[in-house]
Amino acid sequence: MAPPGSRAAGPLPSGELAAGGLAVAADLPALHTALDDWFASNARELPWRAAECTPWGVLVSEVMLQQTPVVRVLPVWEQWLRRWPEPSALAAEPAGEAVRSWGRLGYPRRALRLHAAAVAIRDSHAGAVPGAYTELLELPGVGSYTAAAVAAFAFGRRETVVDTNIRRVHARLVSGSALPSQALTAAEMRLAASLLPEDPAASVRWNASVMELGAMVCTARAPKCGQCPVRDSCAWLAAGEPPPTYTPKGQSWHGTDRQVRGAVMAVLRVAEDPVAPELFHRAPADLGFEPDGIGIPLAALHRLNAAPEQLERALAGLLGDGLAELHRGGFRLPA
DNA sequence: TACACGTGGGG
DNA sequence: TCCCCAAGTGT
């Protein structure tokens, strides 16, 4: 049986849309037109959507946008593309520079993988971002969503793009649920494939419009149904807006290893030289001197009052992940 | 399959 | 204040 990532876009098995999707499937062209029109006049002007944006620019944006809001990505993306206009430019620098330039976007391993992807593009693709889904999927940090998104948005290919926005729109519009299932299913991929316009250019617009609708109107909390161009076709509205059938479990943060890792990374990002282990374990004041430049993030780290073993786990984890390395007895970003 | 992985804005 | 959540990936 096909895995969730399967991109088979064959004909819709009869009964696939039985759970509330019949009304939508009945008039797909009208749905395509409605979202096309809405997108044409409501889409945000984002730099990675500009005609002159390169595939590299699209790839960088897609990785930065993983689990990260557009407004925070914007300035960092501009900075990255100015400094590294093509993959080979990034590949020529130490991975640590990518991590440092990542700033406070979060999930810094993405920066590491983007750097590794740039190296792979230089070494295995003659410096040009590949346009085929399967080749994109081979790149570090590129999963099924990002591979499909880059193939579609940078190369105009007909791909089944499924992100959290698209899943939510499909859940409401077609399936009549308040939220998509907790994990991406093969059925969701089949549904998405069945809704995709046949024409490649139209499919690209469709993918972008559904995503934009999910981001701007059909939001997770307090959807703006009054502004929705397809509210009259919405299975969830028709069903009387039934509540979610499960409660999403929150991401814990306070007191976790992740919080400590984040604080350590904040220190390493601003450090000019390797940071001695003692500085992580003992407050600078106790050591009798003020470390140069890293005082503020170091103070933030110590305010967490992490247990020694928790600090050890964080440092070991960062070393294991390649986000930090030991140099002359101190911790630093990878060179 | 479920969990780990950063960060900060909005309700 | 606290909690939710944002264009996911890798294990």
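A, B, ... follow the sequence lines: proteins, then strands. Residue 1 opens every chain.
Considering only side-chain N and O atoms, A:Arg109 lies nowhere under 4.0 angstrom from the phosphate OP1 or OP2 of C:dT9. Using a 4.0 Å cut-off, some side-chain N or O of A:Thr146 falls inside it from OP1 or OP2 of C:dT9. Phosphate contact (OP1/OP2 of B:dG6, side-chain N/O of A:Arg104, threshold under 4.0 Å): absent. The side chain of A:Arg269 places an N or O atom within less than 4.0 Å of a non-bridging phosphate oxygen (OP1 or OP2) of B:dT7.
Contact annotation: side chain of A:Arg221 to base of C:dC4, donor-acceptor pair present below 3.5 Å. Residue-to-nucleotide contacts include a donor-acceptor pair under 3.5 Å from the side chain of A:Thr68 to the base of B:dG6. For C:dT9, the base has no donor-acceptor partner in the side chain of A:Arg110 [N/O atoms by modelled type, under 3.5 angstrom]. In the interface, the side chain of A:Gln251 is paired with the base of C:dA6 through a donor and an acceptor atom under 3.5 Å apart.
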Requested in this report: Output, in order, the C-alpha distance, side-chain angles, deciding distance and verdict of side chain to side chain donor-acceptor pair (under 3.5 Å) for A:Ser101 and A:Arg83.
Outcome: CA-CA 10 Å; A:Ser101 295; A:Arg83 180 169 175 184; 2.9 Å; yes
Requested in this report: Run the numbers on A:Leu179 and A:Tyr246 for side chain to side chain contact (heavy atoms under 4.5 Å, CB included), then give the verdict.
Outcome: CA-CA 9 Å; A:Leu179 295 174; A:Tyr246 66 93; 4.0 Å; yes
Query raised in the report: So A:Val210 and A:Leu195, side chain to side chain contact (heavy atoms under 4.5 Å, CB included) or not? Walk me through it.
Result: CA-CA 11 Å; A:Val210 177; A:Leu195 298 175; over 6 Å; no
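Residues A:Met265 and A:Ala183 both approach DNA chain B. Their nearest nucleotides, taken by heavy-atom distance, put A:Ala183 toward the 5′ side. Residue whose closest nucleotide on DNA chain C sits further toward the 5' end, between A:Pro140 and A:Arg44: A:Arg44.
A:Trp102 has its ring centre less than 6.0 Å from the ring centre of A:Trp80.
Comparing B:dC5, B:dT7, B:dC3 by their closest approach to the side chain of A:Arg261 singles out B:dC5. Of all nucleotides listed (C:dA7, C:dA6, C:dT9), C:dA7 comes nearest to the side chain of A:Trp48. Here C:dA7 is the nucleotide among C:dG10, C:dA7, B:dC5 with the atom lying nearest to any side-chain atom of A:Tyr145. Minimum atom distance to the side chain of A:Gln66 is reached by C:dT9, of the listed C:dT9, B:dG8, C:dA7. Distance from the side chain of A:Pro248 is smallest for C:dC5 among the nucleotides C:dC5, B:dC5, C:dT9.
Ion pairing between a basic and an acidic side chain is recognised when a charged N comes within 4.0 Å of a carboxylate O; A:Glu212 and A:Arg49 show such pairing.
A:Val63 comes within contact range of no nucleotide atom at all, as no heavy-atom separation falls under 4.0 Å. Within 4.0 Å of A:Leu112, counting heavy atoms only, lies no atom of the nucleic acid at all. Across all strands shown, A:Ala220 has heavy atoms under 4.0 Å from sugar-phosphate atoms exclusively, and none from any base. Residue A:Gly106 is in base contact, counting any heavy-atom pair closer than 4.0 Å across all strands shown. A:Ala215 comes within contact range of the sugar-phosphate backbone alone, with a heavy-atom separation under 4.0 Å but no base atom that close. As judged by a 4.0 angstrom heavy-atom cut-off over every strand, A:Ser61 is placed among residues making no nucleic acid contact. Counting non-hydrogen atoms under 4.0 angstrom, A:Arg168 reaches the backbone sugars and phosphates but no base.
Atom pair A:Trp102:CH2 and B:dT7:C1' shows a separation of 12 Å (rounding to whole Å applied). Nucleotide C:dA7 holds its C1' atom 15 Å from the CH2 atom of A:Trp77, rounded to whole Å. The distance from atom CG of A:Leu105 to atom C1' of C:dG8 is 14 Å, rounded to the nearest whole Å. Between the C1' atom of C:dT1 and the NE2 atom of A:His254 lies a distance of 13 Å, rounded to the nearest Å. Put simply, CE on A:Met211 is 9 Å from P on C:dG8, counting in whole angstrom units. Between the CG atom of A:Leu184 and the P atom of C:dA7 there is a distance of 15 Å, given to the nearest Å. As rounded to whole Å, 11 Å separates atom C1' of C:dT11 from atom CG of A:Asp321. For the pair A:Leu315 CG and B:dC5 C1', the computed distance is 16 Å after rounding to whole Å.
Placement of A:Met216 and A:Trp236 in two distinct hydrophobic clusters is found when ILVMFWY residues are connected by side-chain heavy-atom separations under 4.5 Å, directly or transitively. Under the 4.5 Å side-chain contact rule for hydrophobic residues, A:Leu191 and A:Tyr145 share a cluster.
Going from the P atom of B:dA4 to that of C:dA7 covers 23 Å, rounded to whole Å. B:dG8 and C:dT9 are spaced 23 Å apart, taking the P atom of each and rounding to whole Å.
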